[in-house]
2 protein chains.
Amino acid sequence: MRETAAAESRPYHHGDLSRALIDAARRLLESEGPSALSLRAVAREAGVSPAAPYHHFKDKGELLEAVAAEGWDLLNESLAAARKSANSVKDKLTALGVAYVVFARENPSLYRIMYDGSRNKEELPSHVHLEDDSAYCQVRDTLVEAGADPTDEIALELATTAAWCAAHGLAEMASFKQFDTLKSALGSEEAFLRGVFDHMRIFADDHGK
Amino acid sequence: MRETAAAESRPYHHGDLSRALIDAARRLLESEGPSALSLRAVAREAGVSPAAPYHHFKDKGELLEAVAAEGWDLLNESLAAARKSANSVKDKLTALGVAYVVFARENPSLYRIMYDGSRNKEELPSHVHLEDDSAYCQVRDTLVEAGADPTDEIALELATTAAWCAAHGLAEMASFKQFDTLKSALGSEEAFLRGVFDHMRIFADDHGK
DNA sequence: AGTATATCTGGACGCCGTAAAGATCATCTT
DNA sequence: AAGATGATCTTTACGGCGTCCAGATATACT
């Protein structure tokens, strides 16, 4: 009478329902978009009753936070990969910016979840800022590699913030139809992104010289 | 038996309910935040039945669009004022950016409504881009005043987009608690904003020379 | 006047998030 | 081995939501 799927020796009845709920949520997010992501729909998708999630998450927001956390992990990986594959030191920061925006384009619903929770709490998840290979720290380290002065902490934080804001702003704008003509005039979306970044000192300069 | 308030000689029973609904929505938005902005709550606030709005707006989204449109108008005015009051030509663009972010901080719920509708349709309201004193055009014109080459259309559009993205990105980030220490290290929020903008060529350079 | 038409109300439907009470089952104690 | 414990899940229920429909109401036209 046991379900054939899922791990055998997990805590209780279902076998790691929180994991299953997060997966169900991400499945729904990709197939139906953020507006279809109700707690009941997630429970339905996972095959449990509407109240079951409450034994694993305080409320809907806490489930979304767990989904968002996985989004941040994915973003970190994308950025790390872009950092490695960049040709020159000079190009690394732009590559990072492009990778950031491309991530948002390829995971639009997830990206939205990542920031929606933060906006309500008025702070980003702390591990985004603090952990060593977090997205924020990767940007900061890349700035240093590109020539920023690591001893001037305030300037470094400001520059990192500027880069982050630029990437986030572009990530939210790039999908607007208004830019279609510009994109096709430039030949590709990536050319458009690089074009925008090229108009920001942070993505073009060698920092102060 | 007539209500004493509101204009007397308007179309029907209520006397311009759509106006009253938009006002009610903005009142609710300020007092309770975006999550409290249900269509029913708006109707309640306006003193009509839950179904009444459907004679003036196709659905909830269309009402929110009307609210957002007023938000864009307000933003345009803020930017125009900032443009006028800026001291030097060189400072105009930064002043514009600061004004943009300050608008978002002072009208956080309205600012969210303005972009939420756009995100769903994947395009900004057309008058934001097209009309002559629209926010976008004000930024573009200011860039030209600051020395950008108006004949290179593509570069101008890219630069405008870069400035817009930077301002939007910072507007969404600036309220995060993570930046509190940086703000107080710099003495004020405006110093923080200018500090971030200063790390973007678009807000600091004289454009190509 | 009488008719058409735009506007508003009341009630209904199926969703939603969430809470409380009861059933079920792994684990712990003895 | 047996029973108690407590976590997990289901059922049921509540109020709120967006939206539709049928009827009431008041304006405008002829």
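Lettering of chains follows the sequences in order, A, B, ..., and the numbering in each one begins at 1. Only this structure's heavy atoms are used, side chains among them; waters, hydrogens and symmetry mates stay out.
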**Asked** A/E32 CD to C/dC16 P: how many Å, rounded?
**Response** 12 Å
**Message:** Nearest whole Å is fine: how far is C/dG17 P from A/N120 CG?
**Reply:** 15 Å
**Length of the line joining B/L17:CG and C/dT7:C1', which is rounded to integer Å** = 9 Å
**Prompt:** Among D/dC9, C/dG17, C/dT9, which is the nearest nucleotide to the side chain of B/V48?
**Reply:** C/dT9
**Prompt:** Just to confirm, is there a sub-4.0 Å distance from OP1 or OP2 of D/dT11 to any side-chain nitrogen or oxygen of A/S49?
**Reply:** no
**Complete:** Ranking D/dG18, C/dT9, C/dT18 by distance to the side chain of A/K60, first place goes to C/dT18
**Complete:** Testing C/dG10, C/dA20, C/dG17 for proximity to the side chain of A/R40, the answer is C/dG17
**Message:** Between P on C/dC16 and CD on A/E45, what's the gap in Å once rounded to a whole number?
**Reply:** 13 Å
**Message:** Tell me the interatomic distance from B/Y54, atom OH, to D/dA22, atom P, rounded to whole angstroms.
**Reply:** 17 Å
**Message:** Is it the case that the ring center of B/W72 lies less than 6.0 angstrom away from the ring center of B/Y115?
**Reply:** yes
**Request:** Run the salt-bridge test on B/E70 and B/R19 with the 4.0 Å N-O cut-off and return the result as yes or no.
**Result:** yes
**Item:** Protein-nucleotide distance (A/L21, atom CG; D/dT8, atom P), rounded to Å
**Value:** 12 Å
**Prompt:** Looking only at side-chain N and O atoms, does B/R44 come under 4.0 Å of OP1 or OP2 in D/dC17?
**Reply:** yes
**Prompt:** Choosing from C/dG17, D/dC17, D/dC9, which nucleotide comes nearest the side chain of A/H55?
**Reply:** D/dC9
**Message:** Taking B/A174's backbone N and O only, do any of them form a donor-acceptor pair with B/K183's side chain (distance below 3.5 Å, no angle check)?
**Reply:** yes
**Item:** A/L39 CG - D/dC17 P separation (whole Å)
**Value:** 18 Å
**Request:** Starting from P on C/dA6, measure out to CZ on B/F57 and report it in whole angstrom.
**Result:** 18 Å
**Prompt:** Side-chain N or O of B/H56 less than 4.0 angstrom from OP1 or OP2 on C/dC8?
**Reply:** yes
**5' precedence on DNA chain C between A/G61 and B/G47 (nearest-nucleotide basis)** = B/G47
**Message:** Assess, by modelled atom type and distance only, whether the side chains of A/S175 and A/R105 contain a donor and an acceptor separated by less than 3.5 Å.
**Reply:** no
**Prompt:** Does a side chain donor of either A/E157 or A/Y136 reach within less than 3.5 Å of an acceptor in the other side chain?
**Reply:** yes
